[in-house]
Amino acid sequence: MAKKSYRQAIAEALRQEMERDARVIVMGEDVAGGMGAPGEDDAWGGPLGVTKGLMPIFGRDRVLDTPITESAFIGAAAGAAATGLRPVAELMFVDFFGVCFDQIFNQAAKFRYMFGGKAVTPLVVRTMYGAGFRAASQHSQCLYPVFTHIPGLKVVLPSSPYEAKGLLIQAIRDDDPVIFFEHKAMYDEEEEVPDEPYAIPFGEANLTREGDDVTIVAFGRMVGFANQVADKLAKDGISCTVVDPRTTSPLDSDTILECVEETGRLVVVDEAHPRCSMASDIAGLAAQHVFGALKAPIQMVTAPHAPVPFSPSLEDLYIPSPDKIEAAVRKTMAS
Amino acid sequence: MAKKSYRQAIAEALRQEMERDARVIVMGEDVAGGMGAPGEDDAWGGPLGVTKGLMPIFGRDRVLDTPITESAFIGAAAGAAATGLRPVAELMFVDFFGVCFDQIFNQAAKFRYMFGGKAVTPLVVRTMYGAGFRAASQHSQCLYPVFTHIPGLKVVLPSSPYEAKGLLIQAIRDDDPVIFFEHKAMYDEEEEVPDEPYAIPFGEANLTREGDDVTIVAFGRMVGFANQVADKLAKDGISCTVVDPRTTSPLDSDTILECVEETGRLVVVDEAHPRCSMASDIAGLAAQHVFGALKAPIQMVTAPHAPVPFSPSLEDLYIPSPDKIEAAVRKTMAS
Amino acid sequence: MQLSREELLKAYRQMCLIRAFEDTVHEEFSAGNIPGFVHLYAGEEASGVGVCLHLTDKDCIASTHRGHGHCIAKGCDVGGMMKEIFGRADGLCGGKGGSMHIADLSKGMMGANGIVGGGPPLICGAALTAKTLKTGGVAIAFVGDGGSNQGTTAESLNLAKVWNLPAVFVFEDNGYAESTASSWSVAGDLVERGKAYGMPARRVDGFDFFEVWDAAREAIERARNGDGPSVLHVKLSRYYGHFEGDAMTYRAPGEIDAVKAQKDCIALFKRRVTEAGLLEPDQLAAIEDETAREVADALVDAKAAPPPGEAKLLTDVYVAY
Amino acid sequence: MQLSREELLKAYRQMCLIRAFEDTVHEEFSAGNIPGFVHLYAGEEASGVGVCLHLTDKDCIASTHRGHGHCIAKGCDVGGMMKEIFGRADGLCGGKGGSMHIADLSKGMMGANGIVGGGPPLICGAALTAKTLKTGGVAIAFVGDGGSNQGTTAESLNLAKVWNLPAVFVFEDNGYAESTASSWSVAGDLVERGKAYGMPARRVDGFDFFEVWDAAREAIERARNGDGPSVLHVKLSRYYGHFEGDAMTYRAPGEIDAVKAQKDCIALFKRRVTEAGLLEPDQLAAIEDETAREVADALVDAKAAPPPGEAKLLTDVYVAY
Ligand SMILES: Cc1ncc(C[n+]2csc(CCOP(=O)(O)OP(=O)(O)O)c2C)c(N)n1
Ligand SMILES: Cc1ncc(C[n+]2csc(CCOP(=O)(O)OP(=O)(O)O)c2C)c(N)n1
Ligand SMILES: [Mg+2]
Ligand SMILES: [Mg+2]
């Protein structure tokens, strides 16, 4: 076991699954890079270098660069998945889903239902999300609530390098279409990650902190923020449970509801916009199913109902911060 | 004042606004129809005949048929809106948003913010939604939660002919991008609709029933179902407030919260899938802001987390029905 | 002409089966027995059959909203199709898909598609599978004239060429997309578009089964040999409305009757094979009877079959969840 | 050559301004003073300037992620641009857009665009406005070689032709989309694609300002006269990485130096106008100094300018909400 970055953990998962199963292929814009160019081959590995090094091992037949045509190649991944491959397609930034979502939500996600249970579509779409990169409105969105809304998709939000490796391996082995959200501001985060392959099951939440007073449900990068806050508040005698659901679809509602029943207080932290979000999804779940256990109003910490601003001064205010999470916890404790 | 259908009300709104303002244009696939064909001109008016009759009045320069290229023509509508026209574009079925959403959510919706407040984009996208037409998985979706999630868009769900006319006129006069959802199963519903033009402001909920025991918040076609249930339950002594928010974005949260405070009980009826839905959005709102007034768990009535089935036997079970709404009201009354 | 007697019989059989199927669905829809959006392929049979005759189950096709003909040509079970269109529990898709989503992956039929332009990307995927796993298979996208303009289609042409995929794009140009004429909506020329994306492209008279068959043979052979994708631009005509219920006022009076009288693809085939002495008139008549009976039986069965029960509402969303 | 002396001076001034701007942004990014994704236009100046010299504020352009050059060519304020790239409150977009979203609608600059292929549909809209309101305006989409494959672009070509819009599609083919060569990713030929969509299309040497200018003149005139859209396929080269930070290992060693030495568009322009005696060397030198100073001043101002305050976070989402 060694320290690995989120980037390395993802690359390792890809490599190990490609070794294990010859049907696993990787495709996307510049996932190797240098196609047709006079210089170095495997020049890019995607814009942030995640897939670099795969092509020299597995060759161009299994690591496919694509033209900038997301509908065609994400759809091709869906079609390949339905006919016997296990493609991992890179939708570079999730912000680009608007040019190709049909192939994901009307095709891949619905094959099985529309075809009466006869289709199996083991497609993985890896994609970058999240703010904090000064990448402005069209390269910083979260959008996982949109994918979570769609039946037929599974949606994964790894919150650390360890989680990223295990969840990606599960995603690749899974027989349903999976959207795998990688937070672009987390690629350099490091932690101990086992060298051997391991799969983390979907729909099983991870309790990263256990406490008595408040349940914090947080997603993706927000899990780390929630843990920071929990550690800080512990010193003030406020004891928090932090739930990382890992996957928003399927959702481990049982664990979430149990935690809320135990603590009686709920704060949901969602980096996405507030409307029809995971924050409201979890809040609604609790308000319907464990209403009687709730001791205080549910607090939701989200990004605002506004596009992501470019200016660092504004973007820093935009993202849900540990301070805002702490304030929400204190608020629910005070009521 | 005369009885008019939902279809007629929409057509009248379009006609009157086109008369009032020469910058208003209509475009979409077969919105007039017969383009280049040897037979009758204005042959279609869209697949369900809503826009039929506009072209003979306003001509082909203002009623534009398009090729089947939603990205190009919805994007053209966005570009035209940003440069001085007031286009009303028809995205035939909202299910098709996956081939063109980028132009809506990354372009039109974000111009104003990205450009520092200097853009004005008076775009209206009219689109059909909803199940009940035996149109199967790719022609029956609701999807308004997805649009509601996006900052920069306004989202309208008219629940009757009267509402449709007034809200569409407001949509056309509005200076922001508006998505106007027409329920395909409502086109033949009739009610009294004033002949003269009138605008219903956005973000002002309509209380279609007022009562003491339960607040039902319902959207679009579900408002009629909720009213039926309220009328029925009134005979059993259960008195319901029915709130039609009219627009999910902006949302009249004040009115909704006031009603919930008064009744202490909340049922939300949303024809869309349950996850990250308007049902959870409203539930979360109440659980955060009027928690203290709640006397019982919040109930959510939605379609299931499954694509829409074709078979009438399944589709009838799929759609939130008056029976299911009644059961939810009775459940909240019982707890 | 290089078709064997057996192939000729099969071709005629399939064209007649499609025609009988579509005529029957038309009647049943008109009688109010079939719900939903139903788009019929009658008139276009030579295209689906002329192409699919070159294929086996390991080859894939992606169809459009107008999918019945492609299904039959690709070998889908007619009884299962009819049940599907009636929304029955043992329809080909358990009644969950209906007319616009009939599929049978075991036959390489990747589905009718409710999304115009939905199929071409999927076909790039099926072709990629064939290429990667070296199955020897090819993949065919059927696309309408309307669908030819969709961005997904253009992207797929490019991807298929760049990846050198064993794919064929068959543009079935029936003159209309809904009520809009292809002479208006398709700028330029579809053969030129194929060529502009770097691939062989050929215009085909879709009333002439033999011409379709030959052009498809050439394109499919090219694909199988690893020589990449092709485009066929097939001109043909649909006999019914865009969907059932369409009054077709945008078409010229007499337009369809003239086509039927002068160049119905089935009639042309029949004349040609009998005149050339390749098949006997009574063989053909027998096929006509047989296919009519097969469809009639399918109808009776479909009407009698039960709809899916409540238990099916929430199954088949995921393999596991 | 039909450019007036004034136009020649303007062209040179704008090209130098773009070059100075991009070189400065490059240095500032390298020094860690500019955050985010920044794509520079240095090397491609003749294209943006050669096209936009034919335009006035009533004409619209849509740009790409590589937008600075188009902005300057279309008359955007350089000070406001620099502030925007630094995320300052009085940047052209209040600091909310940044490099990838600079726009100035009052100048007909409809925005850089973070979405490849995002611009062409918008340009169809601007052209539709011009046509509908009879403003006499035209609309130009700049698209990269990578963006040429995007479905939105193909759809826009078709729509522009079918609607007979006053539009021009300028494909700026700098040989790469990120690290991928256009010789690989663009199947077929972009001139042929334009023609296949029924419009005039011309290949243009993008190092030669005069050739760009002439081809653009022809296409824009055609559009203004109501004769519909055109395609220009402009071959050129970018001097910096795809975005700032790109090590460009996919390019051949010496590739950029050779271009700079042999056919830098600014150097070629300078040689040509001086050799022909159209402009004096010291006039050109003055412009070089002037533009360098303008950019240097813009940089000083931008660095000194305050960022937007918290109050701006939630403004400008809607006109009214
Ligand atoms: C993306 C999308 N846009 C629009 C539609 C509605 N629609 C269904 S079929 C059709 C016309 C298709 O025309 P064509 O491709 O020529 O096929 P044909 O019906 O003639 O077989 C349209 C507009 C759709 N289903 N999907
Ligand atoms: C829809 C979409 N896909 C991918 C990207 C990521 N991306 C940004 S620029 C670029 C390359 C564009 O190449 P080209 O069009 O040739 O323009 P150039 O950078 O050479 O000017 C890519 C892939 C994007 N921004 N949008
Ligand atoms: Mg057609
Ligand atoms: Mg390029």
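Each chain gets a letter, A, B and so on, in the order the sequences are listed, and its residues count up from 1. The basis for the numbers below is simple: all heavy atoms, side chains too, and nothing from hydrogens, waters or symmetry mates.
Exactly one of C:Val138, C:Val168, C:Ile220 qualifies for a side-chain contact (heavy atoms from CB on, under 4.5 Å) with C:Asp59. That residue is C:Val138.
A side-chain N or O of D:His68 and one of D:Ser99 form a donor-acceptor pair less than 3.5 Å apart. Side-chain atoms of D:Arg193 and C:Asn158 form a donor-acceptor pair, as typed in the model, at a separation below 3.5 Å. Between D:Asp173 and D:Ser182, the side chains place a donor N or O and an acceptor N or O closer than 3.5 Å (distance only, hydrogens not considered). A donor atom on one side chain and an acceptor atom on the other are not found under 3.5 Å apart for D:Ser237 and D:Asn174.
When the candidates C:Lys195, C:Met199, C:Gln150, C:Lys161 are compared by the number of heavy-atom contacts under 4.5 Å with chain D, C:Gln150 comes out ahead. When each of D:Gly198, D:Gly117, D:Gly188 is checked for heavy-atom pairs under 4.5 Å with chain C, D:Gly188 comes out on top. By number of non-hydrogen pairs under 4.5 angstrom with chain C, the leading residue of D:Ala196, D:Ala154, D:Gly194 is D:Ala196.
The contact between D:Val186 and chain C is made entirely by backbone atoms, counting heavy-atom distances below 4.5 Å. Only the backbone of D:Ser185 comes within contact range of chain C, with at least one heavy atom under 4.5 Å from a heavy atom of that chain.
Taking the six-membered ring where the residue is Trp, the centroids of C:Tyr41 and C:His70 are separated by under 6.0 Å. Side-chain rings of D:His242 and D:His65 approach one another, their centers coming within less than 6.0 Å.
The stretch residues 249-256 of chain D places none of its residues near chain C, where near means some heavy atom under 4.5 Å from a heavy atom of that chain.
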Apply the test salt bridge (charged side-chain N to carboxylate O under 4.0 Å, His left out) to residues C:Asp189 and C:Arg203: give CA-CA distance (whole Å), side-chain angles for both, the deciding distance (0.1 Å), then the verdict.
CA-CA 10 Å; C:Asp189 180 287; C:Arg203 185 127 35 233; 2.9 Å; yes
